[in-house]
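Convention: sequence-line order gives letters A, B, ...; per-chain numbering from 1.
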Amino acid sequence: MEFNPSAFVENLRYMGLGMLGIFIVIGVIILSVVVLNKVTAPKLQKKDEE
Amino acid sequence: MQILYENIIGLDIRQVIMWIIGGILIFLAIKKEMEPTLLLPIGFGAILVNLPITGGVEALTTLYNAGIANELFPLILFIGIGAMIDFGPLLTNPKLMIFGAAAQFGIFFTLCAASMFFGIDDAASIAIIGAADGPTSIVVAQKLQSQYVGAIMVAAYSYMALVPIIQPPIIKLLTTKKERMIRMPYEPKSVSKTTKILFPIVITVIAGLVAPESVALVGFLTFGNLIRECGVLDSLSETAQKVLANLITIFLGITIATQMRYDQFLAKETLLILGLGLVAFIFDTAGGVLFAKFLNLFMKKKVNPMIGAAGISAFPMAGRIVHKMGLKEDPQNFLLMHSMGVNVSGQIASVIAGGLILGFFL
């Protein structure tokens, strides 16, 4: 096991890519849920009225 | 007669140390009730595999090859976990998912930190301790063929149990009393059954398209959730939540212990892995809280930054901790629905993070 401090900086790109990736995926999921809620909401209101 | 004493003569002091470690895990499970479903079998298994000339290892090795080496047990366990999760609070306010994303920061920070000491595959396997999710940690460590699976598992499950001790000091350090008192009134909205059914399907497709390595984990989690939400498979849902989850947990815990042989476990790398695991949990908490504070700079309706800490995937503990801390500061501030929504989103985000880690390094 060797101590290689420069590896921290070398691997920062994975931190950037990883966090960006998670935010993008979660962002797409959030948008999908917003769309789902909007699409199914009117049907829910109609059923409530009945 | 020789058979009665040859094991005693062949005893290595390191095996005795592993018995003590196993005993400590059992003590923590029973007396302190820290993740007893995992720590007790792991503790007992650690004793079992560290007996000299033990016959127990063969049976456990068979189980290990049948269910852990091929990642089968953690994936099946995810069916049970998916069946237990109610995504309702999250679906009423999907924007909360962003905090689940932020709270995975500790994984990637620890990846950088661990890479200073370990090769990149081992560093990535250690980093995934920050997912605060046992099955994800096992799957990633196995796929990356890490040689430290035992230490990673013990660290992951121990720190999940220690979340009530780890998180509050970090949250208090990063927030002011005024911030901790920010109220977040809960406006209940109904979510249609159609949305609850489509949600697991939609996120499986999304994960499959953008993070394909996460499909196994996401898919089994969402399959369990779909069984729960469809409304026509109540007996399967109950089986998944109780019998299946408990059965797999029994095998998982005791089988993980095969990686805790004294010659593998008692190394300086194990201590370092335990330290890095703690770093992962600390920076997960910090990432979620600081992101919430950052968003508050731009939002008129402020969020209580503590809910960022609930984005760690230790479900439901992290959500409850944030709620309790909120009540302590202001007995009228009920953060539970928000914190549980964020906590549940952390489950999804941690699996996505695991998929991304596999995508980078497989």
Checklist line | I29(A) side chain near V202(B) side chain, heavy-atom distance below 4.5 Å | finding: no

Note to self: Please classify the contact between I120(B) and chain A as side chain, backbone, both or neither, with a heavy-atom cut-off of under 4.5 Å.
What the structure shows: side chain

Check: Would you say F223(B) has more than 12 foreign heavy atoms packed within less than 6.0 Å of its CZ?
Finding: no

Notebook entry, point to check: What part of I98(B) lies closer than 4.5 angstrom to a heavy atom of chain A: side chain, backbone, both or neither?
Noted result: both

Item checked: Interatomic spacing from NZ in K38(A) to OG1 in T195(B) - rounded to 0.5 Å -> 11.5 Å

Check: Is it true that atom OH of Y186(B) has more than 12 heavy atoms of other residues, nucleotides or ligands lying nearer than 6.0 Å?
Finding: yes

Check: Got a second to check how far I348(B)'s CD1 is from I22(A)'s CD1, nearest 0.5 Å?
Finding: 12.5 Å

Next item on the list: Would you please name every residue forming a side-chain contact (heavy atoms from CB on, under 4.5 Å) with Y148(B), sequence neighbours left out?
Entry: F118(B), D122(B), S146(B), I152(B), E269(B), I273(B)

Next item on the list: For I26(A) and M97(B), work out which heavy atoms get closest and say how close.
Entry: CG2-O, 3.5 Å

Next item on the list: For M15(A) and C112(B), work out which heavy atoms get closest and say how close.
Entry: CE-SG, 4.0 Å

Note to self: Can you tell me which portion of A207(B) sits under 4.5 Å from chain A's heavy atoms? Options are side chain, backbone, both or neither.
What the structure shows: neither

Notebook entry, point to check: How about V210(B) and I24(A): do any of their side-chain heavy atoms sit closer than 4.5 Å?
Noted result: no

Notebook entry, point to check: For the ring pair F8(A) and F109(B), is the centre-to-centre distance below 6.0 Å?
Noted result: yes

Next item on the list: Counting only heavy atoms closer than 4.5 Å, note whether L272(B) contacts chain A via side chain, backbone, both or neither.
Entry: side chain

Note to self: At a heavy-atom distance under 4.5 Å, which candidate from A211(B), A102(B), P94(B), A349(B) has the highest pair count against chain A?
What the structure shows: P94(B)

Note to self: Given heavy-atom pairs under 4.5 angstrom as the criterion, report whether the side chain, backbone, both or neither of F291(B) touches chain A.
What the structure shows: side chain

Next item on the list: Rounded to the nearest 0.5 Å, what's the gap from OH on Y14(A) to CD1 on I357(B)? Could you check?
Entry: 10.0 Å

Check: Which value, rounded to the nearest 0.5 Å, describes the distance between L36(A) atom CG and I197(B) atom CD1?
Finding: 11.5 Å

Notebook entry, point to check: Which atoms of L91(B) come close to chain A, meaning under 4.5 Å heavy atom to heavy atom: side chain ones, backbone ones, both, or neither?
Noted result: both

Notebook entry, point to check: Judged by modelled atom types alone, do T40(A) and T194(B) share a side-chain donor-acceptor pair under 3.5 Å?
Noted result: no

